[in-house]
Number of protein chains: 2
Amino acid sequence: MLDQSEVSRQQSRDRRTVESFWDTRASGTAKKILIGATLAFADLGYHGASTREVAARASMSPAAVYIHFESKEDLFFRISESGHRAALRELSDAVALSSDPVQRLRLGIAAFASFHAEMNVIVRTVQYELRVLSGERFAQVAAIRREIDATVREVLVQGRDQGVFDISDLDGTTLLLLSFCIDISRWYHAGSTVQRSPSAIGLQYSDLALRLVNSR
Amino acid sequence: MLDQSEVSRQQSRDRRTVESFWDTRASGTAKKILIGATLAFADLGYHGASTREVAARASMSPAAVYIHFESKEDLFFRISESGHRAALRELSDAVALSSDPVQRLRLGIAAFASFHAEMNVIVRTVQYELRVLSGERFAQVAAIRREIDATVREVLVQGRDQGVFDISDLDGTTLLLLSFCIDISRWYHAGSTVQRSPSAIGLQYSDLALRLVNSR
């Protein structure tokens, strides 16, 4: 149970994280609205956050929101697409740093896990409300998800082919590695008994990933 | 992307799961309302589901809901408390089947993981909207969560003390084992590339749990 001052400290931290996320990904009024929407969806869920709540967090009128975005789904798509691209970028940049599969898995999972701790306020909404998207928008986000999946899978196959990973179940291991990283965004913000920095979580999870493929 | 007939098959499956969950845990009108609330929260999120939506899924009037439950939070608390108790029961019954830590971890994780696949429609809401609860209600659910945590930890300590588990980080390993099981409830329903029965998932996860503690 968080007391009131902890809640407001948490809210300030969340706002700073969201502002820094959008800083390089949008500009002007659109950026203000995307920041407001990200915070509103994280607080109240997609269905619970009205355009009024989004506008309030952006210090704007609801009408002003509609000048820039055609719908709430449109806003969610922008957040979801940018969040997924950022996660993919963290992962793929990290695995590109080495040609050795053990190092690539270690670096990739460390980056992906610490991203999910650091950016938990963004990832939570994006992951748990994905069903909001439909049609072409869903297809675009699903394509990024497949790239994330393929990036992990490729490292696992490389390690298996070189005989350094012992993997009997490629689909299951790929899913599990992504799954345990994504779940960080559920528990990290809530004040768990395990309080660590995002980079410490990255190190811990990369060790555990290597255990999962039996490579130590 | 699910097409319309897949969506409605999924909805029927979800309703059957929710009905069977409440069958032994409530009765009469209260049971009807709890079934409606569980489905409404799973569909729309806690904040997105109005009492009207809850009532519609229970084929009742909103006024009738308030005769039995004082508030939406009251309903969420009942679902959350019952869901957590059921998860604890699955886990603790399973670890009680053996005195050998390797078997206990295997059985416990298999039961806990397959519960999260089978009951994903209930667990999702319960896990991702926990912050809804406050005060005494939060404390009651938090106490059950601590028991779940303590049950896993006790098995890990037993295995470590007997020299069959290699665990450098007891808090982190406990959290991770619970975390990867809970995350099943996020991806299991959504039509992942890995489609398995709950019991197959249980077996897979118990193997992975043993890898995590380096015991094979």
Side-chain angles (χ1 to χ4, degrees), chain A residues 1-2 7 41 43-50 53 124-125 127-131 133-135 138-139 142 145-146 149 166 168-169 171-196 200-201 204-205 207-209 211-214 216, chain B residues 1-2 7 43-50 53 124-125 127-131 133-136 138-139 142 145-146 149 166 168-169 171-196 200-201 204-205 207-209 211-214 216:
Chain A
M1 209 45 216
L2 302 176
V7 169
F41 295 160
D43 274 3
L44 302 168
Y46 175 79
H47 293 288
S50 62
E53 298 278 359
R124 249 178 295 146
T125 317
Q127 286 293 341
Y128 299 121
E129 312 249 25
L130 251 199
R131 286 178 303 169
L133 298 176
S134 58
F138 181 86
R145 292 173 76 85
R146 279 194 301 274
D149 192 276
D166 170 22
S168 55
D169 175 358
D171 283 348
T173 307
T174 304
L175 175 63
L176 192 98
L177 290 170
L178 295 173
S179 169
F180 76 38
C181 291
I182 291 168
D183 194 55
I184 295 168
S185 69
R186 179 187 56 82
W187 61 260
Y188 189 70
H189 71 295
S192 129
T193 50
V194 182
Q195 281 306 356
R196 286 168 196 176
I201 286 172
Q204 182 201 6
Y205 274 60
D207 278 351
L208 292 164
R211 284 199 175 201
L212 281 178
V213 296
N214 263 348
R216 299 255 296 168
Chain B
M1 207 49 216
L2 301 176
V7 169
D43 275 2
L44 303 168
Y46 175 80
H47 293 288
S50 61
E53 298 278 359
R124 250 178 294 148
T125 316
Q127 287 293 340
Y128 300 120
E129 312 250 25
L130 251 198
R131 287 178 303 170
L133 299 175
S134 59
E136 177 55 28
F138 181 86
R145 291 173 76 85
R146 279 195 300 275
D149 192 275
D166 170 22
S168 56
D169 174 358
D171 283 347
T173 307
T174 304
L175 175 63
L176 192 96
L177 289 170
L178 295 172
S179 169
F180 77 38
C181 291
I182 290 167
D183 193 55
I184 296 168
S185 69
R186 178 186 56 83
W187 61 260
Y188 188 69
H189 71 295
S192 129
T193 50
V194 182
Q195 280 307 355
R196 285 168 196 176
I201 287 172
Q204 182 201 4
Y205 274 62
D207 277 351
L208 291 165
R211 283 198 176 200
L212 280 178
V213 296
N214 263 350
R216 301 252 295 168

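Letters A, B, ... mirror the listed sequences (proteins, then strands); counts begin at 1. Just so it is clear, the values below take in all heavy atoms, side chains as well, and ignore hydrogens, waters and symmetry mates.
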Subject >> Separation between CD of B/Gln127 and OH of A/Tyr128, rounded to the nearest 0.5 Å >> reply: 9.0 Å

Subject >> Which residues share a salt bridge (charged side-chain N to carboxylate O under 4.0 Å, His left out) with B/Glu53, sequence neighbours left out >> reply: B/Arg57

Subject >> Nearest-0.5 Å distance, CG of residue A/Leu176 to CG of residue B/Leu212 >> reply: 8.0 Å

Subject >> Working for side-chain contact (heavy atoms from CB on, under 4.5 Å), residues A/Arg211 and B/Asp166 >> reply: CA-CA 11 Å; A/Arg211 284 199 175 201; B/Asp166 170 22; 3.4 Å; yes

Original post:
By a 4.5 Å heavy-atom criterion (distance strictly below it), what part of B/Arg145 contacts chain A: side chain, backbone, both, or neither?
Top reply: side chain

Original post:
How far does CD of A/Gln204 sit from CG of B/Asp171, to the nearest 0.5 angstrom?
Top reply: 9.5 Å

Original post:
So, A/Arg196 and B/Asp169, do they make that salt bridge, N to O below 4.0 Å?
Top reply: yes

Original post:
Taking 4.0 angstrom as the limit, do A/Arg131 and B/Asp43 come out as a salt bridge?
Top reply: no

Subject >> Interatomic distance, B/Leu178 atom CG to A/Asp183 atom CG [nearest 0.5 angstrom] >> reply: 10.0 Å

Original post:
Are A/Arg186 and B/Ile182 side-chain neighbours, meaning at least one heavy-atom pair lies under 4.5 Å?
Top reply: yes

Subject >> Counterpart residues, ring pair (Phe, Tyr, Trp, His ring centres under 6.0 Å), relative to B/Phe180 (two or more places apart) >> reply: B/Tyr205

